[in-house]
Amino acid sequence: MPRLSEVIAALENLWPAERAESWDAVGTVVGEPDQEVTRVLFAVDPVQEIVDEAVKLGADLLVTHHPLYLRGTTTVAASHFKGRVVHTLIKNDIALHVAHTNADTADPGVSDALAGALDLRVVRPLVPDPTDPEGRRGLGRVCELDPPTTVRELAARAAARLPATAQGIRVAGDPEATVRTVAVSGGSGDSLFDQVRAAGVDAFLTADLRHHPVSEARAHSPLALLDAAHWATEWPWCELAAAQLDEISDRHGWNLRVHVSKTVTDPWTSHSPSPGAPN
């Protein structure tokens, strides 16, 4: 059985910490380097229900996309919900490792997994990483559809293939417009409109789109916008990452048992459509 330090070294090779944004908080949060690892759980959010799932599963390592302490803290007291997470992890000998923006820009990364879930052919990064001479790493992906489809059909595909959430898929634009090319970015993407317009795509699928950026983007061009739940656009990465660790485990003879949490940690729990609203 591998030690935690060996598994973390393999994960750091997939998603080097130095490729994370300067504001990010990635890497190992909790864990004893010499502890043995037999079972690993991947999830998007390091919240209590996921940690409880890891305990029930008997996992030794929890790998999440979102950081536990993005802005730092002065306490891990169990009177606070994040402190309870830390206490539960330590009491049950479960390590926590985070791969966030370093997984977003990886090759393959979060947006590759999103494109794969929607059966889109990745052409190139939306925002290339200038340190990658091969031009494969970077934020977001520009994709092609073969055959072309409509905005309505692409939204229906996303609703059917991404994990179900209360939000579903919101659309801005002509539902019957033809889509041949689409940009995708897992997680919050409304800071990328300039790059999306420069890419010349027909549609952009991401999450957390806000009123004013969407209104301005629609005024700039006929670009169609598809807004999915943040959690849903990033969850496919968990399956990709688990498959990557499975391959590493097989290569090294580690015999790890690798799992992906299907617990929905999207914070929105229900949706009531407005009577007479367009659909």
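What you are looking at is a predicted structure, and each value in this text was computed from that prediction instead of being measured. If you read the sequence from its start, that first residue is 1, and numbering goes on from there.
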Task: Given Val182, Val123, Val142, the one that forms side chain to side chain contact (heavy atoms under 4.5 Å, CB included) with Val201 - done: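 Between Val201 and the candidates, side chain to side chain contact (heavy atoms under 4.5 Å, CB included) is satisfied uniquely by Val142.
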For the residue pair [X] and [Y], what are the closest heavy atoms and their distance?
| X | Y | answer |
| --- | --- | --- |
| Val51 | Leu89 | CG1-CD2, 3.9 Å |
| Pro163 | Trp231 | CB-CZ3, 3.3 Å |
| Ala241 | Phe42 | CB-CE2, 3.6 Å |

Grouping I, L, V, M, F, W and Y whenever their side-chain heavy atoms are under 4.5 Å apart, do [X] and [Y] come out in a common cluster?
| X | Y | result |
| --- | --- | --- |
| Val7 | Val258 | yes |
| Val179 | Leu120 | yes |
| Leu126 | Leu240 | no |
| Leu57 | Leu96 | yes |

Open item on the list: Please verify the inter-ring angle class for His65 with His100; under 30° counts as parallel, over 60° as perpendicular, anything in between as tilted.
Closed with: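 Taking His100 first and then His65, their aromatic rings stand perpendicular (interplane angle over 60°).
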Answer yes or no: is there a donor N or O on one side and an acceptor on the other, between the side chain of [X] and the main chain of [Y], under 3.5 Å?
| X | Y | value |
| --- | --- | --- |
| His80 | Lys82 | yes |
| Thr206 | Ser185 | yes |
| Arg141 | Gly138 | yes |
| Arg157 | Leu118 | yes |
| Glu176 | Val151 | no |

TODO: Check whether more than 12 heavy atoms from other residues, nucleotides or ligands sit under 6.0 Å from atom CZ of Arg251, and answer yes or no.
DONE: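 More than 12 heavy atoms, drawn from other residues, nucleotides or ligands, come within 6.0 Å of this atom.
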TODO: Count the heavy atoms belonging to other residues, nucleotides or ligands that lie under 6.0 Å from CZ of Arg257, then report whether that count exceeds 12.
DONE: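 Check fails, neighbour count at 12 or below.
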Examine the side chains of [X] and [Y] and answer whether a donor and an acceptor come within less than 3.5 Å of each other.
| X | Y | result |
| --- | --- | --- |
| Arg180 | Thr149 | no |
| Glu234 | His66 | yes |
| Asp24 | Thr101 | yes |

Task: Pairs meeting criterion salt bridge (charged side-chain N to carboxylate O under 4.0 Å, His left out) with involvement of residues 201-221, two or more places apart - done: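 Salt bridge (charged side-chain N to carboxylate O under 4.0 Å, His left out) check on residues 201-221 returns Asp190-Arg210.
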Open item on the list: What verdict does the side-chain hydrogen bond (donor to acceptor under 3.5 Å, both in side chains) test give for Thr263 and Glu49, after you've listed the backbone C-alpha separation in whole Å, the side-chain angles of each residue and the deciding distance to 0.1 Å?
Closed with: CA-CA 8 Å; Thr263 301; Glu49 57 192 314; 5.7 Å; no
